[in-house]
Peer 1: 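Shown below is the structure under consideration.
Both backbone and side-chain heavy atoms feed into the values below; hydrogens, waters and symmetry mates do not. Convention: sequence-line order gives letters A, B, ...; per-chain numbering from 1.
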Amino acid sequence: MPFAKAYICKRNTMSKGLPKRSEDYAAWYQELVKQADLAEHAPVKGCMIIKPYGFGIWEKMQRTLDDMFKETGHVNAYFPLFIPKSYLSKEAAHVEGFAKECAVVTHYRLKNSPDGKGVIVDPEARLEEELIVRPTSETIIWSAYRNWIQSYRDLPLLINQWANVVRWEMRTRLFLRTAEFLWQEGHTAHATKEEAIEETRRMLDVYARFAEEYMAMPVIKGVKSENERFAGAVDTYCIEALMQDGKALQAGTSHFLGQNFAKAFDVKFANKEGELDYVWGTSWGVSTRLMGALIMTHSDDKGLVLPPRLAPIQVVIVPIYHGDDELEAIQTYVQGIIEKLKRVGIKVHFDARDTHRPGFKFAEWELKGVPVRLAIGKRDMENNQVEVARRDTGEKHTAPVDGLTEHILDLLDDVQQSLFKRALAFREANTRKADSYEEFKEILEKHGGFILAHWDGTTETELRIKEETKATIRCIPLDAEEEEGKCIVTGKPSKRRVLFAKAY
RNA sequence: CGGGGCGUGGCGCAGCCCGGUUAGCGCACCUGCUUUGGGAGCAGGGGGUCGCAGGUUCGAAUCCUGCCGCCCCGACCA
């Protein structure tokens, strides 16, 4: 089982226990990320090292999403990390949005320091045009699309790229907000507005399906208010999830770009009638932030809790033995079990380490969130059974070795479903309606969570609420019912409730 | 950018006020023996330019000056 070995042998801290979520949620999160061996801080401020176990989860996310993108007709490509400074400024709202957090490359050479200590930037080697490290790739991609698109026959253009991007953030947190992060960004071009909007919505649905079916994380699909919209978009759609501490997390966004980038980069096509028109664009992305969402949706005071569909190790087997002979006997005995589990695609790891005792291993695999644990000792072998423990509830039972594979498949499926149901129940219990500003503030202070309230649709009101309560409009839910009401702040008429929360 | 905190073996810390043996503790690591159904015990062992640069002093982890870095909490953002 060499794949699992890399996940377990490199950890450099192993303290007993985590901070309690109820006492210090931020500390719990931070410690969990480190102790479960997902990531650590890099020497560069705001950057992180994603460790093998954390990256293993990300890889599963990537693979699943990538398949979903392919199924919906997209292909992958790769565009450069560096963007000429002039490109960024071609779309007015876009620069405006990103200018404050760009890393800029100004030189291309170092030289030995005159004092003999280390190296310095060679002042002779200044770039003629400075380069921006991409905070997102719309500009460089649309500059290429200009050459790729001439006719309606070139459309739609459905491209995705997996990449790293850099946004120089003031305040960072592992996975949730880092200066450099990994993501995918889809960039599509279409002949009609309707088709582009359809694409925007389709990819939003893909994200929602991924979040719910794989991450077991319920999300609310919605549209952003003007204030929260992506810089350069006409409309920004999003999926919003609720974390265990009652704060909202934007887990993915899909933008309808209108013709904004087409106009900025002069991307025109000839339609069937031979008339020239600007193409319609979309862009959509999810990032390693999903890791943070995953952690904060399911995990508990004992550690990580992973949904089976994204767990790098789905089943761990811990032998309980006296002496080397017994260990060997168990090892032989479980071979058959392991083979069968593998054959149906279950990722299984046999923890044969003789340097740690069972109790230690139990605690460690719980910390790492492995969904199902099997323990096998002499007694079990004699009775042809194993002890089965599920991570999400902590429940243990014994199961016969005969038919174990089917039993485990069912169990993994059950864990997956239960996690989703539990998270959904939590969200429902923490989604409340407020019909006055007083009530709104009270809910926010007492419970946090999502609040559905009427809003007059103006940025002024939105900003005032944000200023006074720290809560923001997470989205206007797509499935919001038509309901006559009055804005909780101004009393002006409103046709539907919007979703508020304090957010990450 | 404001406020707070911290830099001492891999990790977490003590020591610093009040300068003075060989810089200490827990975890981790290595060796051996006994252990193994919920985070093992004993014995032995290795590992440190005390963030960096100056200064004061017979003597600096400790006092002074300057610098650097990181983390946490706020204002902005996925």
Peer 1: Between B:C70 and B:A60, how far apart are the C1' atoms? Round to whole Å, please.
Peer 2: 25 Å
Peer 1: So which nucleotide does B:C16 pair with, by the Watson-Crick or G-U wobble rule with both distances under 3.5 Å?
Peer 2: none
Peer 1: Watson-Crick or G-U wobble partner for B:A28, using a 3.5 Å limit on both distances?
Peer 2: none
Peer 1: Is a donor from one side chain sitting under 3.5 angstrom from an acceptor on the other, for A:Glu328 and A:Tyr321?
Peer 2: no
Peer 1: Return the pairing partner of B:C33 with a 3.5 Å limit on both distances, Watson-Crick or G-U wobble; otherwise return none.
Peer 2: B:G41
Peer 1: Using atom C1' of each nucleotide, how far apart are B:G69 and B:A28 to the nearest Å?
Peer 2: 25 Å
Peer 1: So, for A:His187 and A:His255, is the gap between ring centers shorter than 6.0 Å?
Peer 2: no
Peer 1: Answer with yes or no whether the side chains of A:Trp183 and A:Asn164 bring together a donor and an acceptor at under 3.5 Å.
Peer 2: no
Peer 1: For A:Phe265 together with A:Tyr145, are the ring centres under 6.0 Å from each other?
Peer 2: no
Peer 1: Could A:Lys441 and A:Tyr437 be counted as a cation-pi pair, given that NZ or CZ must be under 6.0 Å from the ring centre and within 45° of the axis?
Peer 2: yes
Peer 1: Cut-off 3.5 Å, side chains only: do A:Asn384 and A:Asp402 have a donor facing an acceptor?
Peer 2: no
Peer 1: Take atom CD of A:Glu96 and atom P of B:C76, then tell me their distance rounded to the nearest Å.
Peer 2: 15 Å
Peer 1: Write down the partner of B:G7 under the Watson-Crick or G-U wobble criteria, each distance required to be under 3.5 Å.
Peer 2: B:C68
Peer 1: Mind checking who B:C50 pairs with, Watson-Crick or G-U wobble, both distances under 3.5 Å?
Peer 2: none
Peer 1: Run the ring-ring contact (aromatic ring centres under 6.0 Å, His included) test on A:His94 and A:Trp142 for me, step by step, so that the C-alpha distance in whole Å, both residues' side-chain angles and the decisive distance to 0.1 Å come before the verdict.
Peer 2: CA-CA 13 Å; A:His94 192 67; A:Trp142 279 88; over 10 Å; no
Peer 1: Among the candidates B:C72, B:C77, B:A78, find the nucleotide nearest to the side-chain atoms of A:Arg289.
Peer 2: B:A78
Peer 1: In whole angstroms, how far is the P atom of B:C72 from the OH atom of A:Tyr25?
Peer 2: 16 Å
Peer 1: Determine the interatomic distance between C1' on B:G47 and the same-named atom on B:G4; round to the nearest Å.
Peer 2: 34 Å
Peer 1: What nucleic acid atoms does A:Thr472 come within less than 4.0 Å of, heavy atoms only: base, sugar-phosphate, or nothing?
Peer 2: nothing
Peer 1: Could you state the CD-P distance from A:Glu228 to B:C76, rounded to the nearest angstrom?
Peer 2: 11 Å
Peer 1: Walk along nucleotides 31-38 of chain B from 5' to 3' and tag each nucleotide B, S or - by protein heavy-atom contact under 4.0 Å, base first, then sugar-phosphate.
Peer 2: ----BBBB
Peer 1: Quick one: is B:C71 close enough that its OP1 or OP2 comes under 4.0 Å of any side-chain N or O from A:Gln30?
Peer 2: no
Peer 1: Taking atom C1' of B:G39 as reference, at what distance in whole Å does atom CD of A:Gln35 sit?
Peer 2: 12 Å
Peer 1: Give me the one residue out of A:Phe69, A:Phe256, A:Tyr237 that meets ring-ring contact (aromatic ring centres under 6.0 Å, His included) with A:Trp284.
Peer 2: A:Phe69
Peer 1: By the 4.0 Å heavy-atom rule, please label A:Thr253 as base, sugar-phosphate, or nothing.
Peer 2: nothing
Peer 1: Does B:A61 pair with anything, Watson-Crick or G-U wobble, both distances under 3.5 Å, and if so, with which nucleotide?
Peer 2: none
Peer 1: Looking only at atom P, what distance separates B:C73 and B:C30, rounded to whole Å?
Peer 2: 35 Å
Peer 1: When you compare B:C50 with B:G3, how far apart are their C1' atoms, in angstrom units rounded to a whole number?
Peer 2: 28 Å
Peer 1: Would you kindly check if the NZ (Lys) or CZ (Arg) of A:Arg373 is within the cone defined by 45 degrees around the ring axis of A:Phe362 and under 6.0 Å from the six-membered ring centre?
Peer 2: yes
Peer 1: What integer number of Å spans the P atoms of B:G48 and B:C42?
Peer 2: 26 Å
Peer 1: Under 4.0 angstrom, heavy atoms only, what part of the nucleic acid is A:Leu176 near: base, sugar-phosphate, or nothing?
Peer 2: base
Peer 1: I need the NZ-P distance between A:Lys224 and B:C77, as an integer number of Å.
Peer 2: 11 Å
Peer 1: Taking atom C1' in both B:G20 and B:G66, compute the distance separating them and give it to the nearest angstrom.
Peer 2: 27 Å
Peer 1: Any side-chain N or O of A:Arg167 below 4.0 angstrom from OP1/OP2 of B:A78?
Peer 2: no
Peer 1: Once you apply the 3.5 Å cut-off to both distances, tell me the Watson-Crick or G-U wobble partner of B:A75, or none.
Peer 2: none
Peer 1: Strictly by Watson-Crick or wobble contacts shorter than 3.5 Å, is anything paired with B:U22, and which nucleotide is it?
Peer 2: none
Peer 1: Taking the same atom, C1', in B:G26 and in B:G19, what whole-Å distance lies between them?
Peer 2: 27 Å
